[in-house]
Amino acid sequence: MNGPETKDERCMKEAGVQEIFKRSPHNPIIQARDIPYPANSVFNAGATLLRGETLLLMRVEDRRGISHFTAARSKDGVSDWRIDPAPTLAPDPMQHPEEVWGIEDPRVTRIEELDAWAVLYTAYSRGGPLVSLATTRDFVSFERKGVVMPPEDKDAALFPVRFGGRWAMLHRPVTAFQDVGAHIWISFSPDMKHWGDHQILLPARKGAWWDANKIGLSPPPLETPEGWLILYHGVRSTASGCIYRLGLALLDLEDPRRVVMRSDEWVFGPQEPYETVGDVDKVVFPCGWIVQGDTVRLYYGAADRCIALATADLCDMLDWLKAHHDTDRRAWP
């Protein structure tokens, strides 16, 4: 599936850089031209397995600039995608005014206790972006639960299990005070509707770091024997614009409020043309990943234009994090 190395990957290997994620030779795997109705772009898809197939709940931006969700299914998770002929879940501003400017960036979590999938997504309201929740059993019909976090908040996903009887959510609120930064928070709820015990979990670093000032969760947390593995994006501001790269962290399995390890370096960043040039240049932005055996398939939006795929070995990811974690927490604010 990984295919031959790209020129950039060969150069990085020669320079002694360990590449954990391998890009699919089929990239980009889904583009706007693959959508069976007019669309400007497709990107930032949630991912899960359904009846033995890979299902992507894709963010599709129409030619007005408004986003909705459309499902795509594939037997191998790489090719021959069967894409719904119309939007699977469209904004409903009449019943849900918080969706007036679209719905974006779904993150899908299988909740075995409920025999359903929970979809946390960004609803774009007149008051700014906020977090909404819907559930589904088939990705055909959805039950909207409504707003669970007010503006401005994004990048939210649920853990698949309770902790001490409570559900837990990772999310990224933003304050009006720009010098404070945008951090990953954790919150808890008895019913997935009323949330509290809010606290910063992973703060953005300061200064020249790749993840300074603004970070956010990427796919939902992944349970491993060593802890909850999270992949998060860091936004580096440069003279030529922002660069979205990815890093890893590990949370305690029993108490996700405790950060066990956090990477000091970024593990994956934009380098291929489809990642560096698009509606938003220099962006890799995953909202979903799937684990089969020891292989992790990462589905990511590339430059806000298309969907791409990279794979990694789960053991390699954990080993890389152990070798590249930040032991000096003084760099954290």
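Since we're looking at a predicted model, the values are computed, not measured.
Here the straight-line distance linking atom CD1 of Ile215 with atom CZ of Arg245 works out to 15.0 Å at 0.5 Å rounding. The line from OG1 of Thr70 to OH of Tyr37 is 2.5 Å long, rounded to the nearest 0.5 Å. Atom NZ of Lys282 sits about 9.0 Å away from atom OG1 of Thr276, to the nearest 0.5 Å. Rounding to the nearest 0.5 angstrom, the gap separating the CG atom in Asn27 from the CD1 atom in Ile29 is 6.5 Å. Distance check, rounded to the nearest 0.5 Å: OH of Tyr299 to OG1 of Thr311 gives 10.0 Å. Separation of atoms NZ (Lys154) and OG1 (Thr122) is listed at 6.0 Å; rounding is to 0.5 Å.
Taking 4.5 Å as the limit, every side-chain heavy atom of Thr135 sits out of range of all side-chain heavy atoms of Ile111. Within the 4.5 Å cutoff, no side-chain heavy atoms of Val60 are placed close to those of Pro87. Proximity of Asp294 to Cys315: side-chain heavy atoms (C-beta onward) are separated by under 4.5 Å at one or more points. Tyr232 has its side chain out of reach of Leu170: every pair of non-hydrogen atoms, C-beta onward, lies at least 4.5 Å apart. Looking at heavy atoms from C-beta onward, Leu201 lies out of side-chain contact with Gln199 at the 4.5 angstrom threshold. Using a 4.5 Å heavy-atom threshold, the side chains of Glu104 and Ile66 count as separate. With contacts defined as side-chain heavy-atom distances shorter than 4.5 Å, the pair Arg305/Asn40 qualifies. Contact check for His171 versus Val148: no side-chain heavy atoms found under the 4.5 Å cut-off.
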Handout entry: Check against side chain to side chain contact (heavy atoms under 4.5 Å, CB included), Leu114 and Met192
Key = CA-CA 12 Å; Leu114 303 179; Met192 292 192 187; 3.7 Å; yes

Practice task
Output, in order, the C-alpha distance, side-chain angles, deciding distance and verdict of side chain to side chain contact (heavy atoms under 4.5 Å, CB included) for Ser187 and Met149.
Solution key: CA-CA 10 Å; Ser187 301; Met149 289 290 174; 3.7 Å; yes

Handout entry: Step-by-step side chain to side chain donor-acceptor pair (under 3.5 Å) determination, Ser189 to His194
Key = CA-CA 6 Å; Ser189 170; His194 305 92; 5.9 Å; no

Problem - Evaluation steps, side chain to side chain contact (heavy atoms under 4.5 Å, CB included), between Ser218 and Tyr300 - result: CA-CA 9 Å; Ser218 288; Tyr300 62 97; over 6 Å; no

Practice task
Evaluate side chain to side chain contact (heavy atoms under 4.5 Å, CB included) for Ile243 paired with Trp210, printing each intermediate quantity in order.
Solution key: CA-CA 9 Å; Ile243 306 174; Trp210 68 273; over 6 Å; no

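Between Pro220 and Arg107, the shortest heavy-atom distance links the atoms CG-CB, 4.1 Å. Closest of all the heavy-atom pairs between Ala45 and Ile307 is CB-CD1, 3.9 Å. Considering all non-hydrogen atoms of both residues, Gly181 and Thr175 come closest at O-CG2, 4.1 Å. In terms of heavy atoms, Phe163 sits closest to Leu253 at CE2-O, 3.5 Å. Between Ser67 and Pro91, the closest heavy-atom pair is O-CG, 3.4 Å. Nearest heavy atoms, Arg297 versus Gly77: NH1-CA, 3.5 Å.
Tested against Asn213 for a side-chain contact (heavy atoms from CB on, under 4.5 Å), the candidates Arg236, His183, Arg205, Lys206 yield a single pass: Lys206. Here the rule is salt bridge (Lys or Arg N to Asp or Glu O under 4.0 Å) with Arg166, and of Asp255, Asp191, Asp197 only Asp197 fits it. If you run side-chain contact (heavy atoms from CB on, under 4.5 Å) between Leu202 and each of Leu251, Val259, Leu217, only Val259 comes through.
Hydrophobic clustering of Ile, Leu, Val, Met, Phe, Trp and Tyr side chains at less than 4.5 Å, counting indirect connections, unites Ile290 with Ile83. Criterion: ILVMFWY side-chain heavy atoms under 4.5 Å apart, direct or through other members. Under it, Met317 and Leu250 are part of a common hydrophobic cluster. The cluster map of Ile, Leu, Val, Met, Phe, Trp and Tyr, joined by side-chain heavy atoms under 4.5 Å apart, puts Phe268 and Met261 in the same cluster. One hydrophobic cluster, built from ILVMFWY side chains closer than 4.5 Å, cannot hold both Trp167 and Val147; they sit in different ones. Both Leu318 and Phe21 belong to a common hydrophobic cluster when Ile, Leu, Val, Met, Phe, Trp and Tyr are linked at side-chain heavy-atom distances under 4.5 angstrom.
With sequence neighbours excluded, no residue forms a salt bridge (Lys or Arg N to Asp or Glu O under 4.0 Å) with Lys193. Taking Glu275 as the reference, Arg23 meet the salt bridge (Lys or Arg N to Asp or Glu O under 4.0 Å) condition, with sequence neighbours excluded. For Glu223, there are no side-chain hydrogen bond (donor to acceptor under 3.5 Å, both in side chains) partners at least two apart in sequence or on another chain.
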Donor-acceptor contacts, no H, no angles, side chain residues 125-134, under 3.5 Å, sequence neighbours left out:
unit_1 : atom_1 : unit_2 : atom_2 : d
Ser125 : OG     : Gly127 : N      : 3.1
Ser125 : OG     : Gly128 : N      : 3.2
Ser125 : OG     : Gly128 : O      : 2.6

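The salt bridge (Lys or Arg N to Asp or Glu O under 4.0 Å) pairs that include a residue from residues 83-93 are Arg73-Asp84, where partners are two or more places apart or lie in different chains.
Here Arg144 does not pair with Glu98 in a salt bridge; the nearest charged N to carboxylate O distance is not below 4.0 Å. One finds a salt bridge joining Lys145 and Glu143 here, because a Lys/Arg side-chain nitrogen approaches an Asp/Glu carboxylate oxygen to under 4.0 Å. A salt bridge links Arg262 with Asp211: the distance from a Lys NZ or Arg NE/NH1/NH2 to an Asp or Glu carboxylate oxygen falls below 4.0 Å.
Listed for the Thr136 side chain is a donor-acceptor partner under 3.5 Å among the backbone atoms of Ser141. Asp281 places a side-chain N or O within donor-acceptor distance of the main-chain N or O of Gly278, the cut-off being under 3.5 Å. With Ser24 contributing its side chain and Leu309 its backbone, the two residues share no donor-acceptor pair below 3.5 Å. Judged by distance alone, the side chain of Asp62 and the main-chain N or O of Ala39 form no donor-acceptor pair under 3.5 Å. Judged by distance alone, with hydrogens and angles left aside, the side-chain atoms of Ser263 form a donor-acceptor pair with the main-chain N or O of Leu248 at under 3.5 Å.
The aromatic rings of His233 and Phe285 sit tilted, their planes meeting at an angle between 30° and 60°. Ring pair Phe159/Trp228 is perpendicular by interplanar angle, where above 60° counts as perpendicular and below 30° as parallel.
Taking a 4.5 Å side-chain heavy-atom cut-off between Ile, Leu, Val, Met, Phe, Trp and Tyr, the cluster of Val119 extends to Leu50, Leu55, Leu57, Phe69, Leu89, Ile103, Val108, Trp117, Tyr121, Phe139, Phe142.
The 12-atom threshold is not exceeded at CZ of Arg63, counting heavy atoms of other residues, nucleotides or ligands nearer than 6.0 Å.
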